[in-house]
Q: 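Before I ask anything, let me first share the structure, which is written out below as structure tokens.
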Amino acid sequence: VSSEPPGERLKMSALVMDAVVALGRALRADGLATTVDQELALAKALAVVDVRDKEQFRWAARACFLRGPHEAPAFERVFDRFWKGEKLSGSRAPIAEHGETDPRMPGPQHGGESLPQFRLEGRSGHLLGGAVSQAGDEIPTAGAQEPGQGRRRGALAAYSPEEIHTDRRRLDYERGELQAVRILGDELRRAHPERLSRRLRASRRRGRLDLRRTVRRALRTEGDAFHPAWTSVSTRPRRLTLLCDVSGSMERFSRVLLASLRAAVAAGIDAEAFAFATGLTRLTVELSDRDVTRALDRARASVGDWSGGTRIGAAFAEFNRRWAQRGIGRGAIVIIFSDGWDRGDPEQLARETRRLQLQCRRLIWVNPRPADLEMQSLAVGMRAALPYVDNFIPGHDPRAIAGLAELVRGVDRARPARRQAPVSSVSVGRI
Amino acid sequence: MKAPDTIDELRDSLASERYLVDEGLATVVYLALRIRRPLLVEGEPGVGKTELAKALAAATEVPLMRLQCYEGIDVHHALYDWDYQRQLLHLRGEGSEPLYSERFLVRRPLLEALSNPGCVLLIDELDRADDEFEAFLLEFLSDFQITIPEIGAVSAEQPPVVVITSNRTRELHDALRRRCLYHWIEHPDLGRERAIVRARLPRIPEALAAQACAFVEQLRWLDLYRVPGVGETLDWTESLQALGAEEVEPDVTERSLGSLLKAHEDIERVRREGVADLIERAQGAASKGGGPHEEAA
């Protein structure tokens, strides 16, 4: 490049700058938060690599624009079009709404992955504990459910309105519902658990000697008087990890729960939110949006299996592998909101719940449908997971829900008693 | 400082430090050297994030300053502190020197990095530090200058090459990410992992190294809690040799699984799958030159 006349070089760099800006804009249009600063960095980077080499260009652009591995697929899509010289804007594929089910239609509607969703408790009451694996065959499918038929149960149910909204794309909340959101959200917010920090802070009480401040004080008296200064331990927020079941059986509660998660995430406490049905979706980023409506809509749109079937074990497995390991679960208080109706492998659920329990500080399960667990043949998941849950909260009792914050705050007072060895068979009796 | 002029040159000099990089990482590291933007590397544990900084310092023949982050780290651990004991003694001993002068200054890695032109500064596991420290670091990284009130401003003649690593136990702040070049290090493919083992452990017979890599590659498809990284492959290959193995056999593999898998559930999982079976599959996949995913297709 250096042999070219300066005019050529200037023209060249203007071309590169145009390309960089075009790429940056296209990425922005595709949902990556690229900034001018990053574009400038790329322009600088391209001055030192060979801009005609696709790989060098690609890796330079990736390094400047990407902020996490999750952005790589979107980047590659845009970059391919960019490099081929294809039109960059307006070609964005619509967001797939797969996993969407319509409760008015009978049967599973997406790939057979999910199972009958709107089951009525009690209908299959004759199927007790053991014969659970065939339970799904005996259960009426979605067609049986009429709007308004669902009985209100539990404090969580009390928060939700009688009507069942079939238009689940738009999350317009009723006034009464918002009130309810506030109550549960407040409870979560009030919980703000704390843990000891390794950071010390100045203290009047005698603790550890603070040499830094002691020297400063000694300097004031030119070393004559020795007034020791002290430090003591301080606390930091303990992470609150919220896992919310949004499968079909939880539909009545999931809207309210979602909004409550949002309240917790936005409250400035250290909270992480996830939704699960057949898979697991992290919602923390979406729910952090400052605009409440947009946050909820984004969260709702990002859950592919909303009101789908339930495979709690698989969802927990994903959580354990992808998130718990990286510290989202470690030392955290994990609260699961689920009725424990599960169509997955109970052995897996037991295994993964145990794994989850071992990685977190306290595992709390809030069940909005806790009555007569042995009568709910579909609560097999609940029965499988229960031995590994530190605290089980029946969500049908408003006082129990109101005690949630108290429980969470008191977590550090005592360690829960936990089993050391895994339970070999899944056998859980009465609650 | 021995700055490489081309990407290939950089790759070769890293290779001579027994650190093998693919095209992507080579390009990104080259950019970090040339445009002096901090490099943020993330990846699964054991893919060689910390090693990268070490190899880079060795390859470019500059000193390495390492700041290991941990919870509660603050300016006094990262930047500078005063030697309070000596200050107190000095005060009592009627010394005349000012207490806050170079003599009592304790230099920490970030300050050291400023006074060593062009060095490599490794900020390891930044995700372990807290938000406050990250905010402070952001300031440091933007102008490579710090002010010690009692002494004055200290700035770098030549900014250091900064390598930041993170295990993603917590999401780093966007502002920090934006100021960095970003790279996600993947587990190496079979061929490259074999080359890494041979470069790192030259005394291991080639056949053993190849078989060990193929076996580990097979494990990575098993959906384990803790997927073994290159670091584990190296450990395990060494263990195999220490146990006198000449090739990967079920018996010796079974006995040495603990140096490869670090979770009880994972070891159970591999036993259930059948060690002999996995070895067979690994050899099959290796001889075809592809992973099990291709085999299945």
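Here is how names work: the chains are called A, B, and so on, in the same order as the sequence lines, proteins then strands, and each is numbered from 1. Because the structure is predicted, anything quoted here is derived from the model rather than measured. The figures that follow rest on heavy atoms only: side chains count, while hydrogens, waters and symmetry mates do not.
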Q: Should B/Leu88 and A/Leu211 count as side-chain neighbours, where that means a heavy-atom distance under 4.5 Å?
A: yes
Q: Less than 4.5 Å to any heavy atom of chain B: does that hold for the side chain of A/Arg216, its backbone, both, or neither?
A: both
Q: Give, as side chain, backbone, both or neither, the part of B/Arg178 having an atom under 4.5 angstrom from any heavy atom of chain A.
A: both
Q: Run the numbers on B/Trp184 and A/Leu66 for side-chain contact (heavy atoms from CB on, under 4.5 Å), then give the verdict.
A: CA-CA 9 Å; B/Trp184 173 265; A/Leu66 245 60; over 6 Å; no
Q: How about NE2 on B/His76, more than 12 heavy atoms from neighbouring residues, nucleotides or ligands closer than 6.0 Å, or not?
A: yes
Q: Does NZ or CZ of A/Arg212 fall inside the cone over B/Tyr84's six-membered ring, less than 6.0 Å from its centre and within 45° of the axis?
A: no
Q: Closest heavy-atom contact between A/Ala60 and B/Thr27?
A: N-CG2, 4.2 Å
Q: Are any non-hydrogen side-chain atoms of B/Arg168 and A/Pro69 less than 4.5 angstrom apart?
A: yes
Q: Does the pair A/Arg67/B/Asp174 count as a salt bridge with the N-to-O cut at 4.0 Å?
A: yes
Q: Show your working on side-chain contact (heavy atoms from CB on, under 4.5 Å) between A/Val215 and B/Tyr100 and close with a plain yes or no.
A: CA-CA 11 Å; A/Val215 168; B/Tyr100 294 95; 3.6 Å; yes
Q: Look at atom CZ of A/Arg208 and say whether more than 12 heavy atoms of other residues, nucleotides or ligands are closer to it than 6.0 Å.
A: no
Q: Given the ring of B/Tyr225, does A/Arg321 sit roughly above its face, with NZ or CZ under 6.0 Å from the centre of the six-membered ring and within 45° of the axis?
A: yes
Q: Between A/Arg236 and B/Glu132, is there a side-chain N and carboxylate O pair less than 4.0 Å apart?
A: yes
Q: Does the side chain of A/Trp59 reach to within under 4.5 Å of the side chain of B/Glu23, using non-hydrogen atoms?
A: yes
Q: Considering only heavy atoms, which portion of B/Ala263 lies under 4.5 Å from any heavy atom of chain A: side chain, backbone, both, or neither?
A: side chain
Q: Examine whether an atom of B/Gln87 lies under 4.5 Å from a heavy atom of chain A, and if so say whether it belongs to the side chain, the backbone or both; otherwise answer neither.
A: side chain
Q: Of all heavy-atom pairs between B/Ile35 and A/Ala41, which one has the smallest distance, and what is that distance?
A: CD1-O, 3.8 Å
Q: Take A/Gln56 and B/Tyr30 through the side-chain contact (heavy atoms from CB on, under 4.5 Å) test and state the conclusion after the steps.
A: CA-CA 10 Å; A/Gln56 290 188 17; B/Tyr30 178 75; over 6 Å; no
Q: Within the supplied structure, the quantity of interest is the number of heavy atoms (other residues, nucleotides, ligands) at a distance under 6.0 Å from A/Arg290 CZ; does it exceed 12?
A: no
Q: With a cut-off of 6.0 Å (strictly less than), are more than 12 heavy atoms of other residues, nucleotides or ligands near NE2 of B/His264?
A: no
Q: Taking only Lys NZ, Arg NE, NH1 and NH2, and the carboxylate oxygens of Asp or Glu, determine whether A/Arg355 and B/Glu265 approach each other closer than 4.0 Å.
A: yes
Q: Decide if atom NZ of B/Lys262 counts as having more than 12 heavy atoms of other residues, nucleotides or ligands within a radius under 6.0 Å.
A: yes
Q: Checking heavy atoms, do the side chain of A/Arg58, its backbone, both or neither come under 4.5 Å from chain B?
A: neither
Q: Go through A/Glu71 and B/Arg177 one step at a time and tell me if the salt bridge (charged side-chain N to carboxylate O under 4.0 Å, His left out) criterion holds.
A: CA-CA 13 Å; A/Glu71 292 182 342; B/Arg177 288 173 178 275; over 6 Å; no
Q: Roughly how far, to the nearest 0.5 Å, is CG of B/Leu181 from CZ of A/Arg62?
A: 13.0 Å
Q: Of the backbone (N, CA, C, O) and the side chain (C-beta and beyond), which part of B/Leu40 lies under 4.5 Å from a heavy atom of chain A, both, or neither?
A: neither
Q: Which one of A/Thr34, A/Leu42, A/Val49, A/Thr214 has the most heavy-atom pairs closer than 4.5 Å to chain B?
A: A/Val49
Q: Examine whether an atom of B/Ile73 lies under 4.5 Å from a heavy atom of chain A, and if so say whether it belongs to the side chain, the backbone or both; otherwise answer neither.
A: backbone
